[in-house]
Amino acid sequence: MTDSMTRHIRLAAAFCTLLLLALLVNATRVQVFQSRSYDDNIANRRHTIARYGQPRGAILVGGKPVTGSRDSGEQLRYERTYRDGPLYAPVTGFASQEYGTTLLEHAEDDILSGTDPMLSPFPLWNDLTRAQNPGGNVVTTLDPAAQQAAYDGLGTRTGAVAAIEPSTGRVLALVSTPSYDPGSLSGNGLTANRSWDRLNADPNKPMLNRAVRQTYPPGSTFKVVTAAAALDAGVVTDLNAATKSPDPYPLPGTSTTLTNEGDGCVDAPLRSAFEWSCNTVFAKLGVDVGVRDMSGTAEAFGFNDTGVRIPFSVSPSTFDTTLDKAQLALSSIGQYNTRATPLQMAMVAAAVANGGQVREPYLVERTTRRGGETVSTSGSRPVRQAMHPATAVQMKELMEDVVTEGTGTNAAIPGATVGGKTGTAQHGIGNSGTPYAWFVSWAQGERDLEPKVAVAVVVEDASADRSDISGGGDAAPIAKAVMEAVLGL
């Protein structure tokens with residue numbers, strides 16, 4: 001072999017080595033440094049195929065799954081299924097191959113889909129191998145009996161129920177009607193498309209979660225907040241003393257007067273004014289307390305908080321902090337632009353039941369791996385003092401009176417102590433709409449050391465007259481059924 005041939009062979013070998021090195025460098029560039037851009041590319045279906053290539057984790061209520069997965073045999077293999085879909089839709093939301101995820105399915109998607117690194121005992125190994133863990137489970141705080149009682153109680157009516165455990169903030173029931181079956185949206189074919197179009201076109205808005213995403217004028221149920229503010233501020237020091245409240249009450253700075261549905265409200269003491277829901281007394285009390293203290297108490301209860309998550313977001317309930325005296329008077333009886341979700345009003349009742357303390361509500365007790373090992377727990381929840389403990393004792397008395405001899409007798413439960421407050425919220429142009437019927441309450445069994453449940457019920461299409469008693473007629477029986485379910489009565 002000549003020197004020339006040897007030289008050419010060496011040059012060819014060197015060139016091949018350079019080509020090999022170039023290929024290795026390019027492979028490293030693509031797989032390491034540019035992997036994120038390829039992963040995130042909208043045209044890359046590998047993640048989508050992998051996401052639906054294994055069963056999704058379960059959402060559990062009372063220890064039993066209310067969700068599952070069905071093998072479709074298609075490229076996107078597993079579709080979500082739901083047990084009692086309409087019952088639990090305001091909690092689970094939907095997981096759709098076409099339309100994404102909502103509510104718990106969205107907030108806990110990393111756990112349910114198996115992408116959360118905490119699901120793996122060896123996260124670093126998973127990063128290197130790009131292996132996917134089996135979907136984990138989400139254990140909710142719901143009481144299945146309370147959820148069913150709320151759903152059955154609302155029936156065909158439009159409305160919502162929220163129930164929480166006062167001492168912890170655990171959400172025991174979350175119902176919104178009319179509802180829908182989330183399973184109808186699970187796939188990606190014509191059936192899911194038609195269901196999506198039908199549900200979005202429905203004027204009754206079955207996909208609207210009225211318990212946490214809809215705010216209403218709370219009407220007379222807001223008088224719980226006003227009464228607490230008046231007692232905390234020292235505007236009222238004796239529940240049985242006259243309040244010097246005229247009937248009708250002239251709204252400050254206007255020629256408009258405020259009246260009551262019933263008689264006996266002139267100078268009524270706070271006890272009887274609360275029992276029979278005298279608008280004139282509470283409007284004047286709000287003005288006497290003043291914007292600063294009324295706003296402070298409302299916000300201590302949770303109004304104007306834009307960061308509430310349970311873990312999905314909750315629409316903020318609002319109490320205006322820039323009011324003149326006439327507007328403050330109306331706001332103090334739950335009108336003007338005061339707005340609240342049913343969950344917020346359940347928190348108001350819970351604060352009274354819990355010695356004046358508000359626990360942040362939460363819906364997820366813990367998350368687990370498929371085998372049951374705990375991944376995370378809810379942990380201790382922040383607490384906020386909504387009113388003085390002594391005020392809470394007095395408020396419990398007032399709410400008990402409403403149920404024993406006032407407008408809320410339909411919520412009375414033999415063998416339990418129940419406190420409540422009825423409400424009728426007028427709305428529409430010139431208050432022409434059928435009033436919303438409200439009831440907020442709490443209950444304690446005779447063997448319980450503390451109240452076990454606080455409930456808020458709103459019925460949009462209540463067959464109500466324009467008296468405060470309508471909340472007791474339409475909403476109180478629903479609250480009673482939920483409370484009985486939690487107490488085991």
Side-chain angles (χ1 to χ4, degrees), residues 54-69 80 83 88 90-93 95 101-127 132-147 162-174 209 211-212 302 305 307-314 343-344 346-347 350-351 353-355 357-385 448-454 485-486:
Q54 65 178 18
R56 192 169 170 83
I59 296 173
L60 277 66
V61 175
K64 297 179 179 179
V66 297
T67 61
S69 294
R80 195 56 148 166
R83 177 173 65 84
Y88 292 110
V91 175
T92 63
T101 54
T102 58
L103 303 181
L104 267 192
E105 293 277 30
H106 181 73
E108 299 293 347
D109 184 63
D110 287 353
I111 289 287
L112 295 167
S113 65
T115 58
D116 192 315
M118 293 298 292
L119 290 171
S120 173
F122 308 106
L124 184 58
W125 176 252
N126 275 39
D127 284 345
Q132 187 162 340
N133 300 298
N137 296 332
V138 173
V139 181
T140 71
T141 59
L142 291 180
D143 181 322
Q147 184 81 0
I164 58 181
E165 186 175 63
S167 62
T168 63
R170 297 170 71 244
V171 177
L172 303 176
L174 206 66
N209 189 338
V212 296
D305 186 347
V308 180
R309 304 188 70 85
I310 62 170
F312 49 80
S313 63
V314 177
L343 181 64
Q344 173 60 62
M347 291 167 62
N354 194 40
Q357 291 187 332
V358 178
R359 289 280 181 183
E360 283 192 9
Y362 65 99
L363 187 55
V364 174
E365 198 76 77
R366 64 184 182 278
T367 59
T368 72
R369 297 190 182 100
R370 179 156 295 183
E373 306 89 350
T374 297
V375 173
S376 66
T377 61
S378 61
S380 60
R381 309 296 292 182
V383 64
R384 189 170 57 240
Q385 196 73 34
D448 296 328
L449 298 177
E450 58 189 8
K452 291 295 183 184
V453 58
V486 175

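The structure displayed is predicted, hence computed values, not measured ones. All residue numbers in this chain count up from 1 along the given sequence.
Of all heavy-atom pairs between Tyr88 and Val66, the closest is CE1-CG1, 3.6 Å. For Leu363 against Pro311, the heavy-atom pair with the smallest separation is CB-CD, 4.4 Å. Closest approach of Gly93 to Thr102, counting heavy atoms only: CA-OG1, 3.3 Å. Residues Leu174 and Ala162 share a closest heavy-atom pair of CD1-CB, 4.0 Å. Listed here is the closest heavy atom pair of Ala454 and Ala346: CB-O, 3.7 Å. Phe312 and Ala107 get closest at one heavy-atom pair: N-CB, 4.1 Å.
Rounding to the nearest 0.5 angstrom, the gap separating the CD1 atom in Ile164 from the CG atom in Asp143 is 14.0 Å. Rounded to the nearest 0.5 Å, atoms CG (Leu343) and CD1 (Ile310) are 5.5 Å apart. For the atom pair OG (Ser167) and CD (Gln357), the distance works out to 10.5 Å, reported to the nearest 0.5 Å. Within the model, atoms NE2 of His106 and OG1 of Thr92 stand 14.0 Å from one another, a figure rounded to the nearest 0.5 Å. Expressed to the nearest 0.5 Å, how far CG of Asn133 lies from OG of Ser120 amounts to 4.5 Å.
Glu360 is linked by a side chain to side chain donor-acceptor pair (under 3.5 Å) to nothing, counting only residues two or more places apart in sequence or in another chain. For Ala351, the side-chain contact (heavy atoms from CB on, under 4.5 Å) criterion is met by Phe301, Val358, Ala386, Met387, not counting sequence neighbours. Remark: Ser113 engages Arg51, Arg56, Asp109, Thr115 in a side-chain contact (heavy atoms from CB on, under 4.5 Å) (not counting sequence neighbours). Under the side-chain contact (heavy atoms from CB on, under 4.5 Å) criterion, Ala58 pairs with Leu60, Pro65, Thr67, Asn137, sequence neighbours left out. Residues that satisfy the side-chain contact (heavy atoms from CB on, under 4.5 Å) test with Thr367, not counting sequence neighbours, are Glu108, Ile111, Val138, Val364, Val375, Ser376.
Pairs passing the salt bridge (charged side-chain N to carboxylate O under 4.0 Å, His left out) check and including a residue from residues 363-373, sequence neighbours excluded, read Arg170-Glu365.
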Exercise. Apply the test side chain to side chain contact (heavy atoms under 4.5 Å, CB included) to residues Glu165 and Arg359: give CA-CA distance (whole Å), side-chain angles for both, the deciding distance (0.1 Å), then the verdict.
Key: CA-CA 9 Å; Glu165 186 175 63; Arg359 289 280 181 183; over 6 Å; no
Exercise. Given side chain to side chain contact (heavy atoms under 4.5 Å, CB included), test Arg384 with Met347 step by step and report yes or no.
Key: CA-CA 11 Å; Arg384 189 170 57 240; Met347 291 167 62; 4.2 Å; yes
Exercise. Take Ile59 and Glu105 through the test side chain to side chain contact (heavy atoms under 4.5 Å, CB included) and record every step on the way to the result.
Key: CA-CA 8 Å; Ile59 296 173; Glu105 293 277 30; 4.0 Å; yes
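A side-chain donor-acceptor contact under 3.5 Å links Asp116 to the backbone of Met118.
Of the candidates Val171, Thr141, Leu172, Val171 is the only one forming a side-chain contact (heavy atoms from CB on, under 4.5 Å) with Pro361.
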